[in-house]
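Convention: sequence-line order gives letters A, B, ...; per-chain numbering from 1.
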Protein chains: 2
Amino acid sequence: MALKHAVLAALLDGEFSGYQLAKAFDIGVANFWHALPQQLYAELTRLEAEGLVAGRQVVQETRPNKRLFRVTDEGLAELERFAAAASRPSFIRDDLLVKVQAVDRIDAAPVIGQLGERARMAAAKVEIFEQLLVRLRGGADEAEFLAHGTRIGPYLTCLRGLGFERETRDWCERIAGVLRARADAPDRA
Amino acid sequence: MALKHAVLAALLDGEFSGYQLAKAFDIGVANFWHALPQQLYAELTRLEAEGLVAGRQVVQETRPNKRLFRVTDEGLAELERFAAAASRPSFIRDDLLVKVQAVDRIDAAPVIGQLGERARMAAAKVEIFEQLLVRLRGGADEAEFLAHGTRIGPYLTCLRGLGFERETRDWCERIAGVLRARADAPDRA
DNA sequence: TTCCCATACTCAAGAATATGACTAATCATA
DNA sequence: TATGATTAGTCATATTCTTGAGTATGGGAA
């Protein structure tokens with residue numbers, strides 16, 4: 001039940017509609033969690049029923065009406081409890097790694113292709129995150145911002161996302177290179 | 001349906017029982033996927049019914065009997081198909097990141113504690129992976145092994161696991177430091 | 001002026017994953 | 001000589017996540 005808390009955490013920075021949250025959780029700008037729109041709408045409904053978030057209708061003329069949600073005091077208390085409890089460890093679960101694990105026994109060509117593609121996706125995220133970090137610290141020096149900024153949570157998780165994507169990019173490029181070299185100069189075992 | 005292929009990939013390196021796989025997938029030594037014992041036993045049963053793995057009973061006197069599984073030719077063909085198809089992108093999903101995201105609005109102390117704990121766990125995994133890499137390349141030079149080794153898949157995924165855990169360790173230590181410093185020298189905003 | 005895209009959301013069903021409880025034997029430890 | 005850990009699994013249930021389809025409106029491009 002951690003999507004619940006991810007939504008609460010995402011709503012700490014203001015009022016958002018399900019649609020807005022959905023975009024953030026889908027693209028992975030909210031790089032601390034991932035979820036589909038359907039999950040988010042359902043979760044928001046549950047959270048509102050529990051009184052952990054409060055929604056208000058915003059009538060729009062040019063667009064469909066929307067509901068904006070904010071965290072209630074009870075919601076914040078629930079987050080507090082969640083943070084104090086033990087975290088379940090996080091695990092890697094990645095199709096591409098499964099393919100690399102098997103790469104000696106299957107055709108390497110499509111795996112090499114997918115490694116390149118993944119590397120490009122990771123590189124794109126690296127750029128996005130780097131720009132986001134600059135925006136979040138508002139031009140200030142990083143050390144200064146981390147020491148005295150008033151809202152550093154999103155910055156810290158973005159740092160994690162940045163490190164993760166850099167690692168992904170570098171690993172994919174390196175492994176693709178290794179596999180290409182083996183394909184070019186085959187087995188003189 | 002990727003647990004299926006993770007199991008197939010794990011069985012490429014020999015015959016294993018459900019119990020052995022369960023340990024590997026639980027601890028995360030099989031660092032390319034994670035699954036619980038119940039999932040694995042169920043998956044092995046399904047895979048055997050589909051003819052993708054073959055099991056044989058091994059009678060033991062001092063221990064309960066066990067069933068060892070190996071990948072069939074059809075299983076290998078299935079892996080081949082899987083590798084050629086597109087991978088679904090992998091996403092971060094981590095309780096601890098949710099807590100860090102919220103850290104400005106809740107008590108930071110338990111989060112700092114959990115960051116330290118997670119850093120220690122990651123450091124332990126780094127050591128395990130480093131030793132595993134040495135064992136996998138059998139004393140050979142890494143570049144030489146990657147160029148001419150006969151089974152590099154597990155080595156490559158282990159490299160990814162190592163990079164991931166190093167990143168995790170460093171990030172956790174850095175963030176814990178940042179949060180401790182803010183707790184010691186509080187807000188003169 | 002038709003078609004696609006963005007906004008904003010809902011419903012249903014299915015697949016995958018997690019939780020908890022159980023059996024049953026041997027082995028080491030206190 | 002209890003106690004707990006390790007080996008080797010099974011069963012049932014609950015939660016979570018994914019897939020697919022659908023509703024409705026307005027704006028911009030072809």
Earlier contact from the 5' end, DNA chain C, for L36(B) and L68(A): L68(A)

Name the residue closer to the 5' end of DNA chain D, choosing between R88(A) and R88(B) according to the nucleotide with the nearest heavy atom. R88(A)

Given [options], which nucleotide is nearest the side-chain atoms of [X]?
X      : options                  : answer
S17(B) : dT18(D), dG9(D), dC9(C)  : dG9(D)
R63(B) : dC27(C), dT18(D), dG9(D) : dC27(C)
P64(A) : dA8(C), dA18(C), dG9(D)  : dA8(C)
L3(A)  : dA8(C), dT26(C), dC17(D) : dC17(D)

Test side chain to side chain contact (heavy atoms under 4.5 Å, CB included) on L146(B) and L156(B) and set out the steps. CA-CA 9 Å; L146(B) 289 179; L156(B) 299 176; 3.7 Å; yes

Is there a side chain to side chain contact (heavy atoms under 4.5 Å, CB included) between L132(A) and L162(A)? Walk through the geometry before answering. CA-CA 10 Å; L132(A) 183 57; L162(A) 178 60; over 6 Å; no

Tell me whether the OP1 or OP2 atom of dT10(C) has a side-chain N or O from Q38(A) closer than 4.0 Å. no

dG9(D), OP1 or OP2 - any side-chain N/O from Y19(B) closer than 4.0 Å? no

Identified side-chain contact (heavy atoms from CB on, under 4.5 Å) counterpart of R160(B) within the set I175(A), T168(A), V100(A): T168(A)

Under 4.0 Å between a side-chain nitrogen and a carboxylate oxygen: does that hold for R174(B) and E142(A)? yes

